[in-house]
Amino acid sequence: MKRALNFNPGPAVLPLEVLKEAQAELLDFAGTGMSILEVSHRSADYEKMHNETQALLRELLGLGDNYKVMFLGGGASTQFLMVPMNYLAEGKVADYILTGDWSRKAHKEAKGVGQTNVAATTEVDGRFARIPRQDELKLTDGAAYVHLTSNNTIFGTQWQTFPDVKAPLIADMSSDFCWRPFDAKKFSLIYAGAQKNMGPAGVTVIVVRDDLLATAKAGLPTMMSHKVHAENNSLFNTPPCFAIYLVGKVLKWIKGKGGLVAIEKANRAKGDLLYGTIDKHAGFYKAPVEKGSRSYMNVVFRLPTEELEKKFLDEAKKQSMIGLKGHRSVGGIRVSIYNAALLEWVQSVTQFMEDFVKKNG
Ligand SMILES: *Cc1c(COP(=O)(O)O)cnc(C)c1O
C-alpha cells in the first residue's frame with residue numbers, strides 16, 4: 001500500500017502513528033475484548049479515556065480546571081448557533097469580526113438569535129485577503145462577546161496575534177487549533193470541528209471558561225444547552241466515542257513530539273518552504289493573501305491562467321499529491337498542511353512547483 005501525499009482541507013490527514021495504534025487496538029480496547037466502537041459510554045474504561053483526553057487538552061493549552069472541555073456532535077456549524085443561543089443575552093450585542101466564509105456563516109446564525117455588530121470586515125469584492133488590525137476593530141462597549149475565526153480555511157489567512165478585547169473572546173479554531181502554543185487564557189470559549197487539525201469528523205471540541213459558562217442562558221432546548229452538556233461531562237447523550245478516542249490519540253501524539261512548541265516549529269518549516277517558493281517565483285505563482293496575514297495551515301496561490309492551474313492539479317495528482325484544488329468558491333491552489341502533514345510531502349510539492357515553472361513559466 002502506498003499512502004498519498006494528503007493535502008486535503010478537511011477531513012484531513014491524521015498521523016500515521018495514530019492510525020496504526022487505532023488499528024492495532026481496534027478489536028480490543030483497553031483489554032475489554034471489545035472495540036472502542038462497541039463499548040458503553042457509561043463504562044469505566046470509556047470514561048477514563050474521555051476524561052484523560054480532556055485533561056491532556058488542558059495540559060497542552062496550559063489551562064486550569066476553571067476551563068471545561070466538551071465533546072459535542074453537529075460540527076463547528078452547530079456551534080455557530082449554540083454560541084449565540086447560550087451567550088447572546090437579551091439587550092446585549094455580540095461583536096463579530098468577519099475574515100472569511102466561516103465567520104460570515106457564524107455571524108448569520110447569531111443574527112437569527114439576537115443583536116450583532118460587525119466589528120470589522122476585510123471583505124473586498126467577496127474576497128478576504130487579510131486579517132484586520134487591532135485599530136480597525138469597532139468593538140461594542142459591554143458586548144456579550146467578541147467572535148473571531150482564527151484561521152480562514154478557504155481564503156488562507158490566519159490571525160498572527162489575537163486582539164485585545166474587554167468582552168469575552170470566543171474563537172472558531174476549527175482549522176488551526178493546537179498548531180502552536182498560544183495564550184489560551186485570553187479566550188472565554190474556543191470551539192473546533194476536529195476533522196482538520198485534531199482528529200476525524202464527528203466531534204467538535206469546545207473549551208469554555210467557568211465564568212462564561214455560568215452566564216449561559218437557562219431554559220434552552222436541552223441539546224442546545226452548553227450548561228447541560230458541561231454539567232454532564234459531555235455524556236448527557238451518547239457522545240461521538242470513536243472520534244473522541246482518536247482526538248485523544250492525536251493529542252498524545254502532539255505531546256510525544258514535544259508539545260505545541262515542537263509542533264509549531266515543524267509547521268513553520270512547512271509554511272516557510274511553501275511561501276518561499278511562491279515568493280521566489282512571484283511572476284508565476286501569485287499569493288492573494290497579504291504577507292502579514294498568511295496562514296500556516298492553508299497556503300493558497302494562483303497560477304497565471306486557469307488552464308495552467310488545471311494542468312498543475314492533474315500533474316500533481318499523478319505524483320500522488322492529493323487535495324490541492326482551491327475551494328470551489330475561490331479557485332486556485334490550496335495546500336493544506338495541518339499538523340500531521342509531513343515536511344517531506346511539502347518538499348515534494350515545492351520541488352514539483354519548481355519543475356512546473358521551468359516547464360510552463
Ligand atoms: C470546516 C470549518 C468549519 C465547519 O465545520 P463543520 O464541522 O463542517 O461544521 C467551521 N469553521 C472553520 C474555520 C472551518 O474550517
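Counting convention: from 1, in listed order, for ligands and their atoms alike. In this text the structure is predicted, and so the values were computed from the model without any measurement.
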**Prompt:** Are Met173 and ligand 1 in contact, using a heavy-atom cut-off of under 4.0 Å?
**Reply:** no

**Prompt:** Among the heavy atoms of Thr78, does any lie under 4.0 Å from an atom of ligand 1?
**Reply:** no

**Request:** Check Lys196 against ligand 1 and report side chain, backbone, both or neither, counting heavy atoms closer than 4.0 Å.
**Result:** side chain

**Location of contacts on Phe177 toward ligand 1, heavy atoms closer than 4.0 Å** = neither

Could you check [atom] against the protein and tell me its nearest heavy-atom contact, residue, atom and distance included?
atom: atom 11 (N) of ligand 1; value: Asp172 OD2, 2.6 Å
atom: atom 15 (O) of ligand 1; value: Thr153 OG1, 2.5 Å
atom: atom 9 (O) of ligand 1; value: Ser77 OG, 2.6 Å

**Complete:** All heavy atoms of Phe29 vs all of Asp45, minimum pair found to be CZ-O, 3.7 Å

**Item:** Arg42 atom CZ: more than 12 heavy-atom contacts under 6.0 Å
**Value:** yes

**Message:** Does atom CG (Asp141) have a neighbourhood of more than 12 heavy atoms from anything else shown, all under 6.0 Å?
**Reply:** no

**Within 45° cone and under 6.0 Å: Lys196 NZ/CZ vs Trp102 ring** = yes

**Message:** Check whether Tyr296 forms a cation-pi arrangement with Arg268 (NZ or CZ under 6.0 Å from the six-membered ring centre, at most 45° off the ring normal).
**Reply:** yes

Is the distance between the ring centroids of [X] and [Y] under 6.0 Å?
X: His147; Y: Tyr96; answer: yes
X: Tyr191; Y: Phe177; answer: no
X: Tyr285; Y: Phe301; answer: yes

Suppose I only count heavy atoms of [X] and a 4.0 Å limit; which atoms of ligand 1 are within that range?
X: Thr149; value: 13 (C)
X: Gly75; value: 7 (O), 9 (O)
X: Ser174; value: 10 (C), 11 (N), 12 (C), 13 (C), 14 (C)

Check whether any N or O atom of [X], backbone or side chain, sits under 3.5 Å from an N or O atom of ligand 1, and answer yes or no.
X: Gln195; answer: yes
X: Asn151; answer: no
X: Ala76; answer: yes

**Message:** Looking at Asn197 and Ser175, would you say the former's side chain and the latter's main chain have a donor-acceptor pair under 3.5 Å?
**Reply:** no

